[in-house]
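This report concerns only the one structure given below.
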Amino acid sequence: MCKSKLAVKEELDRMEANDTVEAVTKPTEWCAPMVPVPKKNEKTCICLDLKRLNKAVKRERFMLPTSEEMMTKLSGSTVFSSLDAASGFWQIPLDKESQRLTTFITPYGRYCFKRLPFGFTSAPEIFQRKMVETLEGLEEVAVYMDDIIVHGKDMK
């Protein structure tokens, strides 16, 4: 097996083991092509071409903060700590019906995402809303998608 095919198989196995994707054996209305993208660490990122699905999506239109809004929120702070939500979108589970819409084809069969995939047109808005809801009410915390900045005038 060639190196790139092996890397795709390893990534699919990892994603299946961490409950991000599952194998699909029944017919589905949607099936997207997979686009494997090599990473610097010799691993492979499984990306999907969701153009067709994205045309049919009803977007929720949650506003992402502008750089000006972020700078205003951070104004006056001198101490900063940044947190990054690992594989952020994958923290949000999809309901069963939505999972089938993310079906994609690989050399090893079809799979669907059980969690919010990258490349889905509404993913940034959905993720930003969930992060804002989760961290609502916390002082000196700014959120831009999967980046959380904890800030203050001093270490206290």
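Positions are given from 1 along the sequence.
- Judged by distance alone, with hydrogens and angles left aside, the side-chain atoms of Thr78 form a donor-acceptor pair with the main-chain N or O of Lys153 at under 3.5 Å.
- In this structure, the side chain of Arg110 engages the main chain of Lys26 through a donor-acceptor pair within 3.5 Å.
- Put simply, the side chain of Asp19 never gets that close to the backbone of Arg115: no donor and acceptor are under 3.5 Å apart.
- Residues Val79 make up the rest of the hydrophobic cluster containing Met155, defined by ILVMFWY side-chain heavy atoms closer than 4.5 Å, directly or through other members.
- By the rule that hydrophobic residues join a cluster once side-chain heavy atoms approach within less than 4.5 Å of another member, Leu50 and Val57 end up as members of one cluster.
- Atom CE in Met145 sits 10.0 Å away from atom CD in Glu125 (nearest 0.5 Å).
- Met70 and Val143 make their closest contact through SD-O, 4.0 Å (heavy atoms, listed as atom of the first residue, atom of the second, distance).
- Under a hydrophobic clustering in which Ile, Leu, Val, Met, Phe, Trp and Tyr are joined whenever their side-chain heavy atoms come within less than 4.5 Å, directly or via other members, Phe118 and Met34 fall into the same cluster.
- Taking each heavy atom of Ser77 and His151 in turn, the nearest pair found is OG-ND1, 2.7 Å.
- Here CZ of Phe89 is found 12.0 Å from CG of Leu94. Values are rounded to the nearest 0.5 Å.
- Under a 3.5 Å cut-off, the side chain of Asp49 and the backbone N or O of Lys51 do form a donor-acceptor pair.
- Hydrophobic clustering (side-chain heavy atoms under 4.5 Å, transitive across Ile, Leu, Val, Met, Phe, Trp, Tyr) groups Val150 together with Leu135.
- Both Ile92 and Leu64 are assigned to one and the same hydrophobic cluster, defined by single-linkage of ILVMFWY side chains at heavy-atom distances under 4.5 Å.
- Note that CZ of Phe104 and CG of Leu48 are 5.5 Å apart. Values are rounded to the nearest 0.5 Å.
- Closest non-hydrogen pair, Pro65 versus Gln128, comes out as CD-NE2, 3.5 Å.
- Residues Leu83 and Met131 fall within the same hydrophobic cluster, defined by Ile, Leu, Val, Met, Phe, Trp and Tyr side chains chained together at heavy-atom separations under 4.5 Å.
- Contact between Pro117 and Ala123 at its shortest, heavy atoms only, is O-CB, 3.8 Å.
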**OP:** With salt bridge (Lys or Arg N to Asp or Glu O under 4.0 Å) as the test, would you mind laying out the steps for Glu133 and Arg129 before giving the verdict?
**Re:** CA-CA 6 Å; Glu133 288 171 358; Arg129 180 179 52 78; 3.1 Å; yes
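- For the atom pair CG (Leu101) and SG (Cys112), the distance works out to 9.5 Å, reported to the nearest 0.5 Å.
- Inter-residue side-chain proximity for Ile126 and Phe62 is flagged as unmet; no heavy-atom pair is nearer than 4.5 Å.
- With respect to Glu10 and Arg14, no salt bridge is recorded, no charged nitrogen being found less than 4.0 Å from a carboxylate O.
- More than 12 heavy atoms of other residues, nucleotides or ligands sit less than 6.0 Å from atom NZ of Lys114.
- Distance check, rounded to the nearest 0.5 Å: CD of Glu29 to CG of Leu53 gives 11.0 Å.
- Put simply, OG1 on Thr66 and OH on Tyr144 are 9.5 Å apart, with the number rounded to the nearest 0.5 Å.
- The nearest pair of heavy atoms linking Phe120 to Leu116 is CD2-CD1, 3.7 Å.
- Tyr111 places none of its side-chain heavy atoms less than 4.5 Å from the side chain of Ile46.
- Screening residues 98-107 for side-chain hydrogen bond (donor to acceptor under 3.5 Å, both in side chains), with sequence neighbours left out, gives Glu22-Arg100, Asp95-Ser98.
- Listed by first then second residue, pairs satisfying salt bridge (Lys or Arg N to Asp or Glu O under 4.0 Å) with a partner in residues 67-88 number zero, not counting sequence neighbours.
- At least one donor-acceptor pair under 3.5 Å links the side chain of Tyr108 to the backbone N or O of Lys5.
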